Student: 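Sharing a structure with you now.
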Amino acid sequence: MRFAFDKMHGLGNDFVVIDARGRDVPITAARARAIADRQTGIGCDQLILLESADGADLRMRIFNADGGEVEQCGNALRCVAQLTGARRIDTAGGLVKAGADEAGITIDMGAPRFGWEDIPLAYALDTASLPVGWDGLEQGAAVNVGNPHIVFFVPRLEAIDIERLGPTIEHDPLFPERVNVNIAEVTGPASLTLRVWERGAGLTRACGTGACATAVAAIRRGLVQWPVTVSLPGGDLRVDWAPGESIRMTGPAAHVFSGEAELEAFG
Ligand SMILES: N[C@H](CCC[C@H](N)C(=O)O)C(=O)O
C-alpha cells in the first residue's frame with residue numbers, strides 16, 4: 001500500500017506526517033519504529049498520524065521513535081497547523097487551538113496540571129519540588145502539559161551529563177508512564193536555556209511541551225516572568241502563561257519535503 005507523507009520540523013525536532021483522513025493507514029509500534037529509523041527508514045523523532053475527528057478539524061496521533069504512542073507534541077502541533085490549516089486539533093492529551101500570525105504559529109496548549117496522579121507519579125509527592133534526586137539533580141518540578149515532564153533548574157547547563165542522566169530518570173519507577181526530562185538554566189528575568197531528553201526519542205533539538213512545562217515551572221518558582229523566551233539547541237520558543245490560565249506557545253514550523261513510500265517496506 002503506497003502512502004504519502006510530509007517531512008517537517010519544529011526547531012529541528014523532526015516529524016514524518018501522514019495524513020490518513022479518509023483512508024486507513026495502519027500504524028503499529030513496530031511500523032512507527034521502522035519509519036522513524038534514521039538508517040533504514042525515513043527518519044524522525046516522532047511519527048505523526050492525522051485522522052478525521054468529530055468536534056475538531058482533525059485528530060493528531062503521536063508515535064515516538066521507540067514506537068510508543070503518546071499524548072502530546074508541541075512542535076508537531078505547530079507543523080500540523082501550518083500544513084493543514086487546522087485550528088482545532090484533538091489529541092490524546094486534549095483538544096488544542098491553533099492560530100497563525102507574523103510571529104509564527106501559536107498553540108493554546110490548555111492548562112498545566114500539577115497533581116501527583118496527573119503527572120503521573122507512582123506515589124504522592126510534592127510535585128512543585130520533588131524530594132528525590134539523581135546524581136546532583138535535585139528539587140525537580142513535575143508538570144503535565146498533556147504529557148509528563150520533570151524540570152530541573154541548574155546553574156550551568158553544560159555541566160550536566162544529560163545523555164547519562166536522561167535515560168536514568170526517564171525510566172525511574174517513580175514515573176509509571178516514564179517522563180520527559182528537562183534541564184534548564186535561567187539566563188535572564190524572562191529567558192532560559194533548555195535541553196530535553198525526550199521520553200521515547202532521547203535528546204532532541206527542541207521539545208515544545210518541554211518548553212511549556214519548563215516555563216510554567218520557572219514562573220511558579222518566581223525564577224522568570226512571562227512571556228518567557230525558551231532557547232533550545234534548535235532555536236527559540238515563546239511561552240505565555242499565568243497561574244490559572246492556559247499555556248500559549250509560539251514558534252516556527254518548517255516543511256522540508258513531501259514523499260511517498262510503500263507501507264509494507266516498514267514491516
Ligand atoms: N517525547 C514526548 C512526545 C513528543 C514531544 C515533543 N517532541 C514536543 O515537541 O512536545 C513524550 O513522550 O511525551
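Quick note: residue numbers are just sequence positions, from 1. Atoms within each ligand, like the ligands themselves, are counted from 1 in listed order. Side-chain atoms are counted along with the backbone in the values below, which use heavy atoms only and exclude waters and symmetry mates. Everything numeric in this text was worked out from a predicted model, so none of it was measured.
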Student: Decide whether N144 and D118 meet the rule of one side-chain donor and one side-chain acceptor closer than 3.5 Å.
Tutor: no
Student: One residue to check: C73. Relative to ligand 1, which of side chain, backbone, both or neither has a non-hydrogen atom less than 4.0 Å away?
Tutor: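 Near ligand 1, C73 shows its backbone as well as its side chain.
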Student: So, is G74 polar-close to ligand 1, with some N/O to N/O distance under 3.5 Å?
Tutor: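 Yes, at least one N or O pair falls under 3.5 Å.
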Student: Starting from atom 7 (N) of ligand 1, which protein heavy atom do you reach first, and at what distance in Å?
Tutor: N13 OD1, 2.8 Å
Student: Could you tell me, atom by atom, which parts of ligand 1 come under 4.0 Å of a heavy atom of Q72?
Tutor: 3 (C), 4 (C), 5 (C)
Student: Based purely on interatomic distance, does N64 place a nitrogen or oxygen under 3.5 Å from a nitrogen or oxygen of ligand 1?
Tutor: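 Checking ligand 1 against N64, an N or O pair does fall under 3.5 Å apart.
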Student: Please check whether N75 reaches ligand 1 - meaning an N/O of the residue sits under 3.5 Å from an N/O of the ligand, judged on distance alone.
Tutor: yes
Student: Counting from 1, what ligand 1 atoms have a heavy atom of G208 closer than 4.0 Å?
Tutor: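 Listed by number with element: 8 (C), 9 (O), 10 (O).
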Student: Are E69 and R61 ion-paired here, with the side-chain N under 4.0 Å from a carboxylate O?
Tutor: yes
Student: For atom 5 (C) of ligand 1, which protein heavy atom lies nearest, and how many Å away is it?
Tutor: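 Nearest protein contact, heavy atoms only, for atom 5 (C) of ligand 1 is E198 OE1, 3.5 Å.
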Student: Is the backbone N or O of A128 less than 3.5 Å from a side-chain atom of R221, with the two atoms forming a donor-acceptor pair by type?
Tutor: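 Looks like yes, one N/O pair under 3.5 Å.
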Student: How far apart are the closest heavy atoms of G74 and T209, and which atoms are they?
Tutor: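 What the structure gives for the nearest pair is N-CG2, 3.6 Å.
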Student: Is the count of non-hydrogen atoms from other residues, nucleotides or ligands lying under 6.0 Å from R205 atom CZ greater than 12?
Tutor: no
Student: May I ask you to decide whether R199 forms a salt bridge with E170, counting only side-chain N to carboxylate O separations under 4.0 Å?
Tutor: no
Student: Which residue and atom name correspond to the protein heavy atom nearest atom 10 (O) of ligand 1, and how close is it?
Tutor: T209 OG1, 2.6 Å
Student: Do other residues, nucleotides or ligands put more than 12 heavy atoms under 6.0 Å from Q139 CD?
Tutor: no
Student: Is there a polar contact, in the sense of an N or O pair closer than 3.5 Å, between A76 and ligand 1?
Tutor: no
Student: Going by distance alone, is a donor N or O of one side chain under 3.5 Å from an acceptor N or O of the other, for T204 and N13?
Tutor: no
Student: Could you tell me the separation between the CD1 atom of I42 and the CZ atom of F257, rounded to the nearest 0.5 Å?
Tutor: 7.0 Å
Student: For G200, is the nearest heavy atom under 4.0 Å from an atom of ligand 1?
Tutor: no
Student: Enumerate the atoms of ligand 1 whose separation from the nearest heavy atom of N147 is less than 4.0 angstrom.
Tutor: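 Counting from 1, the qualifying ligand atoms are 2 (C), 11 (C), 13 (O).
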Student: Can you tell which of V70, N180, N144, T204 gets a heavy atom nearest to atom 2 (C) of ligand 1?
Tutor: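 Going through V70, N180, N144, T204 one by one, N180 has the nearest heavy atom to atom 2 (C) of ligand 1.
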